[in-house]
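In listed order, ligands and their atoms are each counted from 1. Nothing fancy with the numbering, it's 1 onward along the sequence. Atom set for the values below is all heavy atoms of this structure, side chains included, hydrogens, waters and symmetry mates excluded.
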Amino acid sequence: MAQERELILAFETSCDETSVAVVENGNRILSNFVATQIKSHQRFGGVVPEVASRHHIEEITIGIHKALTEADVTVADLTAVAVTYGPGLVGSLLIGVTAAKTFAFAHQLPLIPVNHMAGHIYAAHYVEPFSFPLLALLVSGGHTQIVLMTAADQFEIIGDTRDDAAGEAFDKVGRVLGINYPAGKEIDRLAHEGHDVYDFPRAMIHEANYDFSFSGLKSAFINKVHNAEQRQETLNRADLAASFQASVVDVLVAKVSAALEKYPVQQLVLAGGVAANHGLRDALKETLATRYPQTRLVAAPLPLCGDNAAMIGAAAHVELADKHFAKMDLNADPSLEFAWQA
Ligand code: KG4
Ligand code: ZN
């Protein structure tokens, strides 16, 4: 009998979230188990790879069980198994890859390898179907990229960060403000209580490319705080957060605008952990409405901006249609890049 519903069991363990999901037909989440390890890493101010791997081992089989139970499906209902195999922390990736391979082998299911960043983009696919070509602004803890997608499985990076990723800058600045890792959400909240009074640099904003640099902003921020401390002055934390966030948002919006001038696409996908930023979401919405009315903002739903396996299941649906399967020798690839045919 022909299978009516396609069910993918998806795994995501690229960093510090252990996640297992069941996704139906690439567009319906039946379950999305996410075990976050943030508490274990907070006291170190960032993710400790060795600790992350150990937590993944503890959580992964629990995740499989919970994802299947909550979705109310059995192994016999599944069509395929999907897994993030890069980019990310090698030890973390290996746990997901090994679990997925073992599960696929034991139950004779096809194994679909998924790029983590493609997964982030496909989180927005739960909002509406994609129409190509489209542009995606991918902003996470490790990446800041503008991606041109000409087809469901074609990702051309047209802009990238030269140094720190946007999320990394939020986290480093957060540390100076005494905010726990990951600091993005709290800086976003504080920023809404303050004003952009410190006039931090907008690096590369006028350069004729779609690239980013955030390390100068981070240094300017740290210098401002240290100089004030030496003079025993107190700076307003909300204003500091607002000024930092305004600089990041201005640069992201300017570079996306430049990309939209060259590629007047119908959809701008916003995805990755930093896509949860309210200042960024509002600024992009406003810019599109006033300057690029032909382009719709397709922002990943807030609960799917951070790392999760539901987004991996959505990206895997495309790979399944293309019959892009992995063999049992699939390995983690910590610096995996996007697939693109020129
Ligand atoms: O995509 P993600 O969950 O993990 C990676 O693949 O890197 O992104 C995590 C990043 C962290 O740097 C965190 O501080 C940032 O996303 N983040 C935010 C917000 N929520 C999370 N940054 C700015 N504003 C937010 N509301
Ligand atoms: Zn991520």
Side-chain angles (χ1 to χ4, degrees), residues 10-19 21 32 34-38 41-42 45-47 49 52 83-89 92-93 96 114-124 136-145 147 161 164-177 179-194 212 214 217-218 221 241-242 244-253 269-284 299-312 314-315 334-336 338:
F11 291 80
E12 157 62 42
T13 64
S14 67
C15 190
D16 59 343
E17 258 96 30
T18 316
S19 184
N32 190 22
V34 184
T36 177
Q37 314 173 354
I38 284 174
H41 300 287
Q42 254 165 1
V47 177
V83 63
T84 301
Y85 72 113
L89 301 169
S92 291
L93 289 165
V114 178
N115 178 311
H116 179 75
M117 303 314 292
H120 271 302
I121 291 179
Y122 271 91
L137 175 61
L138 258 178
V139 272
S140 72
H143 292 76
T144 304
Q145 294 173 331
V147 179
T161 181
D164 293 355
E168 198 179 346
F170 270 93
D171 296 337
K172 287 180 176 167
V173 157
R175 200 188 270 199
V176 179
L177 290 177
I179 297 170
N180 270 340
Y181 168 87
K185 193 172 176 190
E186 176 60 10
I187 292 182
D188 192 13
R189 193 194 62 74
L190 261 180
H192 284 80
E193 295 173 0
F212 309 92
F214 292 109
L217 167 61
K218 178 192 65 191
F221 186 97
F244 166 79
Q245 183 158 305
S247 169
V248 174
V249 169
D250 276 1
V251 174
L252 292 174
V253 170
V269 165
L270 174 62
V274 183
N277 187 274
H278 290 89
L280 178 61
R281 289 171 97 96
D282 292 348
L284 281 174
L302 283 179
L304 300 184
C305 284
D307 294 344
N308 67 88
M311 69 187 195
I312 302 304
S335 44
L336 178 69
F338 272 128

Engineer: Restricting to under 2.8 Å, identify the protein N, O or S atoms around the Zn ion (ligand 2) as residue plus atom.
Structural biologist: His116 NE2, His120 NE2, Asp307 OD1
Engineer: Do Phe244 and Lys218 touch side chain to side chain, with heavy atoms closer than 4.5 Å?
Structural biologist: no
Engineer: Applying a heavy-atom cut-off of 4.0 Å, say which part of His116 lies close to ligand 1: side chain, backbone, both or neither.
Structural biologist: side chain
Engineer: Just which atoms of ligand 1 are under 4.0 Å from any heavy atom in Gly167?
Structural biologist: 12 (O)
Engineer: Do Leu252 and Leu280 have side chains that approach each other closer than 4.5 Å (heavy atoms only, starting at C-beta)?
Structural biologist: yes
Engineer: Just verifying a value: how many Å separate Asp164 CG and Leu217 CG, rounded to the nearest 0.5 Å?
Structural biologist: 9.5 Å
Engineer: Is there a side chain to side chain contact (heavy atoms under 4.5 Å, CB included) between Val114 and Tyr85? Walk through the geometry before answering.
Structural biologist: CA-CA 6 Å; Val114 178; Tyr85 72 113; 5.6 Å; no
Engineer: How close does the nearest protein non-hydrogen atom get to atom 22 (N) of ligand 1, and which residue and atom is it?
Structural biologist: Gly184 CA, 3.4 Å
Engineer: What protein heavy atom sits nearest atom 21 (C) of ligand 1, and how far off is it?
Structural biologist: Gly273 O, 3.4 Å
Engineer: Please could you name the atoms of ligand 1 that Gly141 approaches to less than 4.0 Å, counting only its heavy atoms?
Structural biologist: 5 (C), 7 (O), 8 (O), 9 (C), 10 (C), 12 (O)
Engineer: In terms of atom number and element, which parts of ligand 1 are under 4.0 angstrom from non-hydrogen atoms of His120?
Structural biologist: 1 (O), 6 (O)
Engineer: Looking only at protein heavy atoms, identify the closest one to atom 26 (N) of ligand 1 and say how far it is in Å.
Structural biologist: Asp188 OD2, 3.2 Å
Engineer: Which protein heavy atom lies closest to atom 24 (N) of ligand 1, and at what distance to 0.1 Å?
Structural biologist: Asn277 ND2, 2.9 Å
Engineer: Roughly how far apart are Leu138 CG and His143 NE2, rounded to 0.5 Å?
Structural biologist: 8.5 Å
Engineer: Using distance alone, with no hydrogens and no angle criterion, decide if Asp188 and His278 have a side-chain donor and acceptor under 3.5 Å apart.
Structural biologist: yes
Engineer: If you measure only the distance, is there a donor-acceptor pair under 3.5 Å linking the side chains of Glu12 and Asn308?
Structural biologist: no
Engineer: Residue-level breakdown please: for Asp307 versus ligand 1, do any non-hydrogen atoms fall below 4.0 Å on the side chain, on the backbone, on both, or on neither?
Structural biologist: both
Engineer: Atoms of ligand 1 less than 4.0 Å from Gly142 heavy atoms?
Structural biologist: 7 (O)
Engineer: Measure the distance from atom 14 (O) of ligand 1 to every protein heavy atom, then report the residue, atom name and distance (to 0.1 Å) of the closest one.
Structural biologist: Asp171 OD1, 2.7 Å
Engineer: State the atoms of ligand 1, each with its element, that fall below the 4.0 Å cut-off from a heavy-atom position in Ala183.
Structural biologist: 14 (O)
Engineer: Where's the contact between Ala166 and ligand 1, heavy-atom distance under 4.0 Å: side chain, backbone, both or neither?
Structural biologist: neither
Engineer: Considering only heavy atoms of Ala276, which atoms of ligand 1 have at least one such atom less than 4.0 Å away?
Structural biologist: 26 (N)
